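Notes for the one structure printed next.
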Amino acid sequence: MLLLPRAVRIHLAAAPVDMRKSIDGLFVHVQRVLVADAYSGHLFVFVSKRRDKVKVLAWDGGGFLLLYKRLEAGRFRMPVVADDATSVQLDSTQLAMLLDGIDVSRVRRPVQWQPPGQPAESQGTSSRR
C-alpha cells in the first residue's frame with residue numbers, strides 16, 4: 001500500500017519509455033516530453049514498450065529517487081489515455097493497482113456521498129466517476 005499526501009501528483013507517461021534510461025534520461029523526458037517540473041516532488045511513472053517493466057522517478061528534496069519493478073510474468077495494465085495526451089494523472093490507489101497488475105481502466109468507483117444541498121464542485125471532485 002502506498003501512502004502519499006494528496007498534494008503529490010502521480011503522472012503516468014502515455015508513451016512507452018526505453019528502460020535503459022536512468023535518472024538523468026528520465027529527468028530530461030519529464031522536462032521535455034511531459035513538460036513538467038521534475039523537482040516538484042510529484043511522481044513520474046514510466047512503462048516499457050513490452051509493459052513488463054516500470055520505473056518511478058521522484059525528487060525528495062535532496063536528490064532523485066528511482067523505483068524499478070520488473071514483472072516475471074504478465075504485463076502491466078495501462079489505463080485509457082487520450083491520443084493527444086503525453087501523460088495521465090493517477091491517484092495513489094490507481095498506482096498501487098497498476099503495480100499489482102490490476103486493470104485500472106476496468107475498475108469503477110462508487111459515487112461519492114455528498115451532504116444534502118451541497119454541490120459536487122465544492123469538494124473539488126465530481127460525484128460521478
Side-chain angles (χ1 to χ4, degrees):
M1 183 164 141
L2 297 170
L3 298 174
L4 298 170
R6 290 182 80 63
V8 174
R9 293 189 196 127
I10 302 167
H11 302 277
L12 173 65
V17 172
D18 184 350
M19 286 293 122
R20 293 176 291 181
K21 290 184 180 185
S22 90
I23 290 173
D24 295 329
L26 294 174
F27 172 84
V28 170
H29 190 86
V30 168
Q31 300 290 90
R32 293 187 182 161
V33 178
L34 303 182
V35 191
D37 179 14
Y39 295 110
S40 63
H42 300 311
L43 302 182
F44 299 94
V45 182
F46 306 94
V47 179
S48 67
K49 190 174 192 175
R50 290 181 18 193
R51 294 188 343 257
D52 63 340
K53 299 174 187 88
V54 68
K55 285 187 177 181
V56 180
L57 180 70
W59 174 256
D60 77 349
F64 281 100
L65 243 112
L66 186 62
L67 173 72
Y68 176 74
K69 182 171 183 175
R70 181 187 72 202
L71 292 177
E72 295 302 320
R75 304 279 183 250
F76 291 107
R77 312 279 184 193
M78 296 290 287
V80 177
V81 181
D83 291 335
D84 59 342
T86 58
S87 69
V88 62
Q89 193 166 326
L90 304 177
D91 61 29
S92 60
T93 303
Q94 291 170 318
L95 177 59
M97 288 190 293
L98 175 81
L99 293 175
D100 282 341
I102 298 170
D103 189 350
V104 177
S105 66
R106 294 180 183 242
V107 174
R108 299 288 177 237
R109 291 182 186 254
V111 175
Q112 292 183 338
W113 180 83
Q114 298 289 325
Q118 189 86 343
E121 296 84 31
S122 67
Q123 291 190 350
T125 60
S126 174
S127 62
R128 293 184 189 172
R129 289 191 184 202

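All residue numbers in this chain count up from 1 along the given sequence. Everything numeric here is computed off the predicted structure, so don't read it as measured data.
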| Is there a path from M97 to V8 through hydrophobic residues (I, L, V, M, F, W, Y) whose side chains come within less than 4.5 Å of each other? | yes
| query | Shared ILVMFWY cluster between I23 and L43, side chains joined below 4.5 angstrom? | reply | no
| field | More than 12 heavy atoms of other groups within 6.0 Å of R50 CZ | value | no
| query | Do L71 and F46 belong together in a cluster built from hydrophobic side chains that touch within less than 4.5 Å? | reply | no
| task | Would you give the length of the straight line joining atom CZ of R51 to atom CZ of R75, rounded to the nearest 0.5 angstrom? | result | 7.5 Å
| Do the ring centers of Y39 and F64 come within less than 6.0 Å of each other? | yes
| Backbone N/O of M19 and side chain of K55: donor-acceptor pair under 3.5 Å | yes
| request: Please report the closest heavy-atom contact between H11 and S87, naming both atoms and the distance. | output: ND1-OG, 4.2 Å
| query | Checking Q31 side chain against V28 main chain: does a donor-acceptor pair fall under 3.5 Å? | reply | no
| How many angstroms lie between atom OG of S22 and atom OH of Y68, to the nearest 0.5 angstrom? | 12.5 Å
| said: Testing the basics here: between A36 and F44, what is the closest heavy-atom pair and its distance to 0.1 Å? | reply: CB-CE2, 3.7 Å
| field | Closest approach of P116 to W113 (non-hydrogen atoms, all atoms of both residues) | value | CD-CZ2, 4.1 Å
| request: Drop me the distance from M78's CE to L98's CG, to the nearest 0.5 angstrom. | output: 7.0 Å
| said: Set out, in order, the CA-CA distance, both residues' side-chain angles and the distance that settles side-chain contact (heavy atoms from CB on, under 4.5 Å) for L95 and V45, then state yes or no. | reply: CA-CA 9 Å; L95 177 59; V45 182; 3.9 Å; yes
| field | Selection residues 12-31 - residue pairs positive for salt bridge (charged side-chain N to carboxylate O under 4.0 Å, His left out), sequence neighbours left out | value | D18-R20
| Should V81 and V30 be counted in the same cluster of Ile, Leu, Val, Met, Phe, Trp and Tyr side chains packed under 4.5 Å apart? | no
| remark: Between V54 and F76 the two heavy atoms that sit nearest each other are CG1-CZ, 3.6 Å
| task | Could you pull out the closest heavy-atom pair between D52 and G74, with the gap in Å? | result | CB-O, 4.1 Å
| message | A side-chain contact here means heavy atoms from C-beta on lying under 4.5 Å apart; do L66 and L26 qualify? | response | yes
| request: Compare all side-chain heavy atoms of H29 with those of V17 and state whether any distance is below 4.5 angstrom. | output: yes
| Is the NZ atom of K69 crowded by more than 12 outside heavy atoms at less than 6.0 Å? | yes
| Does L34 share a hydrophobic cluster with V88, counting links as ILVMFWY side-chain heavy atoms below 4.5 Å and allowing steps through other members? | no
